[in-house]
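To start, the structure under review is shown below, and the notes come after it.
Residue numbering restarts at 1 for every chain, and letters A, B, ... go by the order of the sequence lines.
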Amino acid sequence: MENEFSILFQNVLTKEDLISLLAEIDLAESLIFEEKETPLSEKIKGKVSSDFQFFVEKLEREGKNIKEALENLKKYFLSLPEVKLTLAFEPKREFIEKVSQIFKERVILNFKVDPEIVGGAILEAFGKFFDFSLREKLKKILKEELYGGI
Amino acid sequence: MEEFEFYLSKTKEIGYIESFFHSLVFVSGLPGLQPKEVVITESGKKGMVIGLKKEISQVLLFGGEVKVGERVARTGEILKIPVSEGLFGRIVDPLMKPLDGLGPISGEKFLKEIEREAPPIKERRRIERFFETGVMIVDLLIPLGFGQRELVIGDAKTGKTTFLVQTIVSQAKQGTIPIYVGIAKKDTALKWVQEYLQRQRVFERTILIHTTPDDPIALIYLAPFSGMALAEYFRDKGNDVLIIFDDLSTHAKIYRQISLLLKRTPGRECYPGDIFHLHAALLERAGNLIKNKKEVSITALPVAETLENDISGYIPTNLMAMTDGHIFFDIVEFRKGKRPAINAFLSVTRVGNQTKTKVEREIANWIKKVLLDCKRLEEFVKLGAELSLENQKKIELGRKLEILFNQSQDKILERNTQLILIGLLISGFWDEKPLEKMKEEVEKIYFAQEKGILPKIPEEIDKIKDLTHLNFLLKEILPMIEKIFKIVKC
């Protein structure tokens with residue numbers, strides 16, 4: 001299944017990407033049965049991303065059941081685990097790509113920006129919670145060094 | 001929020017509320033969650049894990065509102081309640097929060113797990129000490145022992161709670177620690193119990209755990225376990241404890257509600273399959289034990305409600321199987337005006353007879369014979385048969401026995417008083433006197449008990465050999481008793 005959707009993977013890394021993809025899938029599904037003469041790839045031209053259009057064209061060339069393929073696509077991406085990352089800054093695309101490569105399996109990254117954490121990150125993945133933020137480190141230092149652990 | 005952050009950084013696991021329904025919350029995440037573990041939400045609401053599935057944990061919330069998407073953290077702790085000596089004379093909820101408006105609970109607090117394993121066989125001892133209820137028909141015909149589990153069963157409004165509070169009063173005056181657990185009881189019902197115990201001046205020695213029908217189902221579910229944890233605390237300190245669960249049939253209904261909402265497979269009468277285990281594990285924690293070379297006990301009186309005398313229902317028969325007997329409150333007897341409406345023939349005590357002395361066994365046999373004869377002869381009277389003088393006297397004796405067993409709610413008869421009353425009847429003291437005269441004299445004896453002027457039988461009960469010996473001892477104090485009849489005006 002990964003090979004089938006590989007064209008879309010490089011672009012669907014975050015929750016926002018996933019929401020966009022799901023919107024594109026919904027649009028395509030709504031246009032499948034509208035005016036059967038024109039192929040779906042023509043109907044969605046200009047309304048979806050080029051990668052998604054290319055994906056639909058590939059399905060048409062291979063003669064696959066498009067409705068079924070779109071449903072499988074939706075199911076697959078919705079089943080991917082979500083990893084929440086709280087950062088002090090808005091991450092750039094290169095950063096997002098580097099972070100997604102850290103995980104052994106495909107994940108959907110959900111970024112939240114909170115300047116109050118000062119630096120570092122707060123990570124929530126697979127039910128686990130890790131506070132690697134600078135705010136937490138500073139709190140610990142203040143507690144131990146300045147106030148003697150009280 | 002601070003407490004939540006503390007536990008989040010301590011356990012390093014996070015979950016999210018996916019959905020909730022009343023007090024049941026379904027949480028995703030928290031991979032290391034344990035059964036019965038306490039969890040805390042972002043808004044500070046606490047709950048207990050009641051079920052674990054692959055992706056979702058089922059949590060019973062102790063109260064308050066939550067939101068979908070709210071974060072949840074583990075505490076890493078099984079539910080514990082804070083127990084202390086300051087609970088005497090207080091009304092609390094199952095988490096030991098005061099409900100009586102008298103401020104926080106005083107005294108040093110100790111945390112006790114709400115669910116524990118029952119004591120092992122090697123710690124248990126045979127039940128041999130007599131447990132006085134102060135209700136004559138029970139003490140003479142259905143005797144109980146310290147450490148016994150005796151089911152109190154009957155229809156609604158047949159006097160079960162009256163009997164229970166009489167037992168509380170009788171035992172509190174002897175140093176036993178009574179704990180009354182109200183399970184989904186109306187506030188007015190608890191108020192009645194409180195006022196009765198205050199009138200009898202034992203409220204300051206009692207602990208009341210109260211839940212109302214509109215409390216969160218988690219609290220109602222926890223009530224009996226909380227009470228038992230409290231009882232174990234006092235037992236382990238070297239005290240005898242009396243615990244009353246009023247009532248376990250309601251508790252079973254609450255557990256059924258929880259299980260159905262959790263979509264567990266329903267069994268007989270839609271109760272979950274583990275309903276027997278739930279109550280058996282609770283009641284097994286009661287008993288007579290040796291702790292630090294001292295014999296201590298938890299005597300449990302669970303209550304079960306029936307409908308139209310049907311004791312063959314699922315929950316009543318379950319409870320009968322896991323207790324050491326039952327006291328049956330008969331609606332037919334209640335409608336006849338008998339108080340307490342106990343049907344001694346349908347009641348059972350499986351270990352109470354071990355606590356009886358020789359003379360008490362003889363008394364019980366005498367009473368049973370009289371009652372049986374009376375019952376048989378009354379059947380003949382119904383058919384219109386004429387009875388001989390001897391049989392008429394037997395019926396009258398039965399009626400006189402009923403006068404002794406008829407005990408209003410404010411009357412608590414001490415053992416000495418019971419022996420005097422039954423001894424006088426057996427010796428024939430009231431044979432020639434009419435029923436009204438006997439009633440009057442019984443009232444006077446009770447009055448004398450209350451005033452502390454009733455003479456004591458001049459021998460320890462376990463040293464009284466038989467009925468003849470009892471008769472002989474009564475003759476010694478008879479002049480004092482007759483003096484009481486003359487001076488007391490009722």
Surrounding [atom1] of [X] (heavy atoms of other residues, nucleotides or ligands, distance under 6.0 Å), is the total greater than 12?
X: E65(B); atom1: CD; result: no
X: N292(B); atom1: CG; result: no
X: K10(B); atom1: NZ; result: yes

Nearest-0.5 Å distance that lies between atom [atom1] in [X] and atom [atom2] in [Y]:
X: S9(B); Y: K140(A); atom1: OG; atom2: NZ; value: 7.5 Å
X: E124(A); Y: Y16(B); atom1: CD; atom2: OH; value: 3.0 Å
X: K139(A); Y: E5(B); atom1: NZ; atom2: CD; value: 6.5 Å

Item checked: Partner chain A: residue of A73(B), G32(B), P31(B) with the largest heavy-atom pair count (under 4.5 Å) ->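 Highest number of heavy-atom pairs under 4.5 Å: P31(B).
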Next item on the list: May I ask you to test the F126(A)-E13(B) pair for a side-chain heavy-atom distance under 4.5 Å?
Entry: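 With C-beta onward as the side chain, the pair stays apart.
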Next item on the list: Could you give me the CA-CA distance, side-chain angles and deciding distance for R74(B) and F129(A), then say whether side chain to side chain contact (heavy atoms under 4.5 Å, CB included) is met?
Entry: CA-CA 11 Å; R74(B) 291 177 60 192; F129(A) 178 87; over 6 Å; no
Checklist line | Residue L8(B) versus chain A: region with a heavy atom under 4.5 Å | finding: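 Both backbone and side chain.
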